[in-house]
Structure formats: C-alpha cells, structure tokens
Amino acid sequence: MKNKLVLLFLGCAVLGYAQKKPAKNTVKIKPKSEFVAELMSKMTLDEKLGQLNLPTSGDITTGQANSSNVAKNIAEGKVGGLFNIKSVQKIKEVQKIAVEKSRLKIPLLFGMDVIHGYETTFPIPLGLSCTWDMGLIERSAQIAAKEASADGINWTFSPMVDISRDPRWGRVSEGSGEDPYLGSQIAKAMVNGYQQHDLSKNNSILACVKHFALYGAPEGGRDYNTVDMSHIRMFNDYFPPYKAAVDAGVGSVMASFNEVDGIPATGNKWLMTDVLRKQWGFKGFVVTDFTGIPEMIEHGMGNLQDVSALALNAGVEMDMVGEGFLGTLKKSLDEGRVKIETIDNAVKLILEAKYDLGLFQDPYKYCDEKRAKTEIFTTDSRKEAREIAAQSLVLLKNQNQLLPLKKSGTIGLIGPLADAKENMPGTWSVATKMENAVSLLRGIKEVAGAGTKVLYAKGSNLDYDETFETNATMFGKTLHRDARSKEDLLAEALKVAEQSDVIVAALGESAEMSGESSSRTNLEIPQAQKDLLNALLKTGKPVVLVLFDGRPLVITDEEKTVPAILNAWFAGTEAGYAIADVLFGDVNPSGKLTSTFPRSVGQLPIYYAHKNTGRPLSNTEGKFEKFRSNYIDERNEPLFPFGFGLSYTTFDYSNLKISSDKMNPSGKLKVTVDLTNTGNFDGKETVQLYIRDLVGSVTRPVRELKGFQKIALKKGEKQTVSFDITVEDLKFYNSDLQFAAEPGQFDIFVGGNSNADKKVSFELTK
C-alpha cells in the first residue's frame, strides 16, 4: 500500500510538472504582442511553417498518440493544430507531445465541426433559424461550447452563415436561410455564444465563420460548383452575415471552395485582404477548408507550389490538410515568390489566437477530466435542447384545427422516419451519440401517456431504390431498410391505419439527404413515401404529416391533400420529445420559415427579396400573361413564403402607425402596430417589418426585412409592438459600392410573413 501511495504521489507530481512545464510563467505572462514577438524570434523557418499546418488527426486511439503518424511532425514543431480528434484523454496525450517534446513547446489548437451542438444536439441550423429567437440561438451555441470545451475542443468550424436561395444545394441545411438581415443577427448570436466575449474562459471556444464567401450560390445548386455574381449582389445580399460575424469579433474565418470573380476564394486576395481585412478590419486568422489549397490545382490555378503561394499571398494563414504550405513555401521563399514578412504575419495571427485562448498559460486548459464527466449531455442541457427544438418547428397547414392531438384514443404512427432515432440529429452531428437520440415513436408514446394507444408501422422504405437509400443514410444514419416487399409494408401500414383514430405520417428526407455533397434535382418526397401517404389518405382517416427535411421541399401535392403539416426539420437529440410536445399542444408551434418553399424546382432560385422587372405581372392571382415575367405552366409566387408559420391560435394585426411621414438622415421614426391574440391558445408570434425603397440609383428589392420581434401573448391579450427606423436601415451598396441611403419614398410593411400587407409610407429627406 505504501509503495502504491508513493507511486501515486510521483505520478501526480510528474503530471503537475508536465502541466506547468510548457508555461513556466503561469502566474504572470507577458503582454500578447511582446510574448508573441519574443517567441517568433526563437522560431526557425520550419517551425514557423509548422504553425500554418492543420492536418487531420486520423484515428488516434487513447494510449497510442506517440505512435500515430502525426506525432513525429508535432514533436518537430511542424503542426499548428489538429482536427477530428475528441475526448480529453486523446487530446491531452497529443498536446503533451507538443508541449514536452517539441523544441519551443508551442501548444496545439484542436478543432472540430461543432455545428449545432456537441453530444447534446440542437436542430440543424436551418431549423434553429426558424425560432427567430436570438437568445435561444446564442444559448444553443453556449451549450455546444461548454460541452466541446469540456471534451478538449477549443475551436469550432462554425457558424456557417452562407446565404442560399436555392434549396437544391444540400448545405442550405447548415445555414440560416435566404435573408441577409436575419442571417446577420444569427451570425452575431452564434459567435457570441461560442466565444462569450472572453476566450480566456475555459468553457468558451474559438469560432470560425464560414464559408467566405458566396458558397451558398453555386450554379445549378450543385455543391462545390462555380459561383458568379455582381459585386452589388455580393455586398448587399451575401456579404452581410460574414461581416456581422467579423464585427462580433469572430476569431477565425474559413475560405470557401468556390471561385469569386474567376479566382478560387482560397487564393483570392481581393476577398481575403481587400474586403476582409482592409474594409472590414478582421484581426483573426484565415483557414482553408478541407484540402482547399490543392483543390485549386483542379481549378486550373497551377501546381501545388503555385497555389500554395497564391493562397498565402492572398491572405490565408492556415492550410487544412493540404500541406502545401509545409511542403512548398520554403522553396517559394527562396525563389522570391513569397516574402518572409507574409509568413511571419500568418504565424503571428495563429500564435495570437492561441494566446487569447490561454493555451500558453495552460496548454491543458481544456483537459479537465472532471468537466468531461459532468458537463456533457446533462439533464439540464437536454431539457434546453428539447425546448429550443420545439420552437424551431413550423406549422404549415392545420385544416379544421386537426392539431393539437388529444392524449386519448388510438394514434397510428406510420412512416420510415417514425422510428429512426439515428436520423433525428440531422446532418453534421459528428459528436452525437446516435443511441442517445429520441425517436418520434418514443417521444409520442411518452408524451401522450398511458391513456393513449400508439400503433406503429414503417409503411415503406425511404425510397424504392436501395442504392439511393444507401447514399442517403451514410455516417451511421441508417433507416434499417426493410427487406419485405412494398406490398407487405403497405398492408401492415393500412392495418394500423384501420385501427387508428388519427394517422401521424412521419415522412420526408433522411438526415444525409441534405448536407455537404447532397445536392438534389428533385425536391419532392421520395416516391415510395408519396405512394404510402396517398394510400393513407384514401382510408378517410385524418392524417397529420410530420415532415422531416434539411431544406425546403416541393410539397405542392401534399399541401393540397393532407389536412395538417408540421415541418420538423431535424430537431436534434431531443427531437422525438419536442415534436410530440407540439403535436399534443404542450407547446404551441411558433416557428417561421427562413427559406422560401417553392411550388416546383423550376422556380429556383426563389426568394422573397427579389427585384422587380420592367414587365411584372399585373394580376395577383398568378394568371398567365403573355409578354410578362411569368411561367406558362406555373405561378410566380411560392407555396409558402419567407417568414410563414402558423400557430394553434390566431393573431390580428391592426392600427399600424408611423410617427412621421418624413425623416431626415439624422432622425428616427417609430413604427407601431397592435398585435392581438384572437384565438383559444396562448402563443408566440414573430412580428416582421419590411421596407421597400421605391426609387434608387440602382434597382432595389420589392421588400427587405429590417426588423422583427417574437412576442408571447396570452389568449385574448393585446400588445403594441414598436420598431425604430433610422437611416442605417435604409442604406445599401450602390453602383460605386458606397454604403449609403438615398433620399426618397419608402414603404413599410408589417405582419406575420414576407407577404405582410399592412403598410405605411414616409420620405427620407436630404
């Protein structure tokens, strides 16, 4: 026993020494600029280039870090950070190599795609955005940062703020929809949630806004494809959320895969230096996306040495996986293709980020095993995730008040997504333990209680095509394909339907039908599920469609035939509970769409803030008119507009007023509207304010979101909601890319979605 105690003491002493050794000045450390300059003065060129290198960790198993492929490079000072490694034990082992075996003992960054939660997973970002609640969104990022930091992670590749107006692009699921104003508010909330205005905290992590820039606008909606747009559109419609993240103090920026003005973003100096640093004042560092530098070879920008020099000179500081910086910059420096000052600046920015995170004071700051055991996937975090998820659901239709359901009788739960817990977290849920997710079947059974009988049948597979289903259920998101014939599956479903008072059809996309490299040309529900739904409708039983999706789908047929539709997105680990809470009325749905739902794929891209043409339709019924801007086979307007979402109660807007019909550039107007809950349930409504600039030096959108407030009202309650309008709300980038407001007439619209028809007007004077 005595010997064991001695060994334990020695072990603790060694561990304590190891923790303090890389930072002898733990109590007092020099100011950042002085500390970094002194450290850089000791660095060799190889060590500097090593700081610019961000390899993936591979599969490092606990206890094997020293023998991993990256260990040698870390010990030689040739690695600045790692990603795709999690757990305190693994990260601690790897960090120990850096701070004990490398010459200068510089700690590593550890990054991960913490996109919408860590082990406690929140709705996919598109779903989160539909809460229109910045407090909840920021809170979700705080919890994600707390859990990730407790598990050793100090850097997240989030938020993704790419504006997208074409849901064929699968990564629309990772963003906040189509609107630059709303997207900017969410970008700020996410950055603040991750970084908490103080990176020295042990539960805050470095955020990385992505993908800079324009990644959400690829031609044809095909991932990684060419992007081409005017600078006016860039600055007015696509740049604002990136800039908002920079203004919020985001610590890092990730370059996008696509080209901008014919030059890949990873090598685009105008983008990375002129706009990001000189115009916006960004002070952090830029990292490439996965193999972004070598991918420029396929773009036709030269060999690995060429594109590596191009990226560094453009303003990129860190090379993710490509190792072009590590392998070619020394030669480029010798040949005069890059300058040592450029390399030094890149190194300085990365070292400053590590300093801000407190890693030089304590490289094991994020390696507290007690936190790892007590702060991840906690009861409190799961409770908040459930509440937030319920706020993200969007009620699209509720004919004859079919919803909420009663907690009695017999419910038939049918569909391939009904008992699919592995799919509930959605795409980019890399830290989620799928076994902890809650299926809709489990959620309905537990929320409905013993007084309700719940029958289940799968009804169909995801799709008739097994290969398609395999491609759409990667990364452990299986739907456990049923080998029975479609006839047998349907017969079982109809038997359940026959015994049920109401049918809940759980249909739509699987989790990996959206996300990276999941572009689609057909946005309808797969045919196998459409056939199942039509058969259920023919029974005459009331049907509620719970629609799972990571993007706006084309549900024109379903909107006509199904009495109630609840859009559930992918709501995270607590999805089953959250959806059931809404279905049974324990939570009144309040989500509002942040991305327009088209009537057909042929309308894409589609978005509310479009420009007018010289030949707009003269009717509001969508009737075809020759020699007008319309389709011969489809209406112009969408199936569901931006900002749309129903409630179990009803809201009335009245008494819209403006404080004056004139405003000078230094003045302010107040807009007020009375909102009344006229229904039978307490509920929440997102009041939205849109502005139209009627005459401009360049054409202006038909309306733009400029304010919103989410208001909770008891049934029968009325509240006056007010908005302040200043000249900042009227500014835009003109043809000279000057951000300015122009005197003239403006219309203001207030209501519950982008089709708001309550209007007041005013004039901005000179």
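Checked against the 6.0 Å centroid threshold, W280 and F212 count as a close aromatic pair.
In this structure, the side chains of V671 and I725 come closer than 4.5 Å at one or more pairs of heavy atoms. Taking 4.5 Å as the limit, every side-chain heavy atom of I565 sits out of range of all side-chain heavy atoms of N567. F642 is listed as a side-chain neighbour of Y690, based on a closest heavy-atom distance under 4.5 Å. In this structure the side chain of L694 never reaches within 4.5 angstrom of the side chain of F746, judged on heavy atoms. Side-chain contact between F723 and K706 is absent, with no heavy atoms from C-beta onward closer than 4.5 Å. You'll find the side chain of L730 stays beyond 4.5 Å of the side chain of D693, heavy atoms only. Taking 4.5 Å as the limit, every side-chain heavy atom of E763 sits out of range of all side-chain heavy atoms of M663. Within the 4.5 Å cutoff, the side chain of K718 has no heavy atoms near those of the L675 side chain.
In this structure Y224 satisfies the ring pair (Phe, Tyr, Trp, His ring centres under 6.0 Å) test together with F257, sequence neighbours excluded. In this view, F282 satisfies the ring pair (Phe, Tyr, Trp, His ring centres under 6.0 Å) rule with no residue, not counting sequence neighbours. Listed by chain and number, the residues in a salt bridge (Lys or Arg N to Asp or Glu O under 4.0 Å) with R520 are E509 (sequence neighbours excluded). Scored by the side chain to side chain contact (heavy atoms under 4.5 Å, CB included) test, P641 finds P638, F644, N753, S754, N755 as partners (sequence neighbours excluded). Residues forming a salt bridge (Lys or Arg N to Asp or Glu O under 4.0 Å) with D261 (at least two apart in sequence, or on another chain): none. With sequence neighbours left out, K670 forms a salt bridge (Lys or Arg N to Asp or Glu O under 4.0 Å) with D724. Residues passing the ring pair (Phe, Tyr, Trp, His ring centres under 6.0 Å) test with Y607, sequence neighbours excluded: none.
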Q. Going through the distances and angles, do V554 and V601 end up as a side-chain contact (heavy atoms from CB on, under 4.5 Å)?
A. CA-CA 7 Å; V554 174; V601 171; 4.1 Å; yes

Practice item. Apply the test salt bridge (charged side-chain N to carboxylate O under 4.0 Å, His left out) to residues D682 and K715: give CA-CA distance (whole Å), side-chain angles for both, the deciding distance (0.1 Å), then the verdict. Key: CA-CA 5 Å; D682 299 344; K715 61 179 180 179; over 6 Å; no

Checklist entry - Please walk me through it: do I579 and V546 pass side-chain contact (heavy atoms from CB on, under 4.5 Å)? => result CA-CA 9 Å; I579 297 168; V546 176; 4.0 Å; yes

- Task: Go through the steps for L604 and R168 under the test side-chain contact (heavy atoms from CB on, under 4.5 Å), then give the verdict.
- Result: CA-CA 8 Å; L604 302 178; R168 292 175 296 180; 3.6 Å; yes

- Go through the steps for R171 and D223 under the test side-chain contact (heavy atoms from CB on, under 4.5 Å), then give the verdict. CA-CA 8 Å; R171 299 193 80 168; D223 211 352; 3.7 Å; yes

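Scanning both residues, R551 and L126, for their nearest heavy atoms gives CA-CD2, 4.0 Å. Smallest separation of non-hydrogen atoms from L276 and V246: CD1-CG2, 3.9 Å. The two atoms that bring L402 and A564 nearest to each other are CD2-CB, 3.9 Å, heavy atoms only. Of all the heavy atoms in I163 and E178, the pair that sits closest is CG2-O, 3.4 Å. In terms of heavy-atom proximity, L764 sits nearest to N664 at CD1-C, 4.0 Å. In terms of heavy-atom proximity, Y631 sits nearest to G602 at OH-O, 3.6 Å.
In this structure, R703 satisfies the cation-pi test against F749, with its NZ or CZ atom closer than 6.0 Å to the six-membered ring centre and inside 45 degrees of the ring normal.
Side-chain atoms of R599 come within 3.5 Å of backbone atoms of E637 as a donor-acceptor pair (strictly under, hydrogens ignored). Q688 contributes a side-chain N or O that, together with a main-chain N or O of G752, makes up a donor-acceptor pair within less than 3.5 Å. Under a 3.5 Å cut-off, the side chain of S173 and the backbone N or O of G170 do form a donor-acceptor pair. Checked by atom type and distance alone, the side chain of S595 never pairs as donor or acceptor with a backbone atom of G177 at under 3.5 Å. Looking only at distances, no side-chain donor or acceptor of Q142 sits under 3.5 Å from a matching main-chain atom of R139. The backbone N or O of T650 lies less than 3.5 Å from no partner atom in the side chain of S647, so there is not a single donor-acceptor pair. No donor-acceptor pair under 3.5 Å is formed between the side chain of N636 and the backbone N or O of G622. Of the possible donor and acceptor atoms, none in the side chain of H116 sits under 3.5 Å from a partner among the backbone N and O of P125. Between the side chain of N734 and the main chain of Q738, a donor-acceptor pair closer than 3.5 Å is present.
Side chains of Y608 and T596: no donor on one and acceptor on the other come within 3.5 Å.
Within the structure, side chain to side chain donor-acceptor pair (under 3.5 Å) contacts touching residues 264-276 (residues at least two apart or in different chains) do not occur. Sorted by first then second residue, the ring pair (Phe, Tyr, Trp, His ring centres under 6.0 Å) pairs that include residues 163-190, not counting sequence neighbours, are W169-Y215. Judged as a side chain to side chain donor-acceptor pair (under 3.5 Å), the pairs with a partner in residues 124-136 (not counting sequence neighbours) are, in order, S129-T594.
A distance of 11.5 Å separates CZ in R233 from CG in D228, rounded to the nearest 0.5 Å. Once rounded to the nearest 0.5 Å, the distance linking CG of L128 with CG of L136 reads 8.5 Å.
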In a table with atom names and distances, give each donor-acceptor pair under 3.5 Å that connects a side chain of residues 235-245 to protein atoms at least two apart or in another chain.
{"from": "N236", "atom 1": "OD1", "to": "Y733", "atom 2": "N", "distance (Å)": "2.8"}
{"from": "N236", "atom 1": "ND2", "to": "I232", "atom 2": "O", "distance (Å)": "3.2"}
{"from": "N236", "atom 1": "ND2", "to": "Y733", "atom 2": "O", "distance (Å)": "3.1"}
{"from": "D237", "atom 1": "OD2", "to": "R165", "atom 2": "NH1", "distance (Å)": "3.3"}
{"from": "Y242", "atom 1": "OH", "to": "D162", "atom 2": "OD1", "distance (Å)": "2.5"}
{"from": "Y242", "atom 1": "OH", "to": "H211", "atom 2": "O", "distance (Å)": "3.0"}
{"from": "Y242", "atom 1": "OH", "to": "L214", "atom 2": "N", "distance (Å)": "3.0"}
{"from": "K243", "atom 1": "NZ", "to": "D247", "atom 2": "OD2", "distance (Å)": "3.0"}

Check: residues 389-397 side-chain donor-acceptor pairs under 3.5 Å, at least two apart:
{"from": "Q391", "atom 1": "OE1", "to": "S590", "atom 2": "OG", "distance (Å)": "3.0"}
{"from": "Q391", "atom 1": "OE1", "to": "K710", "atom 2": "NZ", "distance (Å)": "3.4"}
{"from": "S392", "atom 1": "OG", "to": "A389", "atom 2": "O", "distance (Å)": "2.7"}
{"from": "K397", "atom 1": "NZ", "to": "E559", "atom 2": "O", "distance (Å)": "2.6"}
{"from": "K397", "atom 1": "NZ", "to": "V562", "atom 2": "O", "distance (Å)": "3.1"}

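Residues E625 and R615 are not paired through a salt bridge, judged by the lack of any N-O separation under 4.0 Å between the basic side chain and the carboxylate. Taking 4.0 Å as the cut-off between side-chain N and carboxylate O, R692 and D747 do not count as a salt-bridged pair.
The one candidate from T676, T720, D674, T672 that meets the side chain to side chain donor-acceptor pair (under 3.5 Å) condition with N655 is D674.
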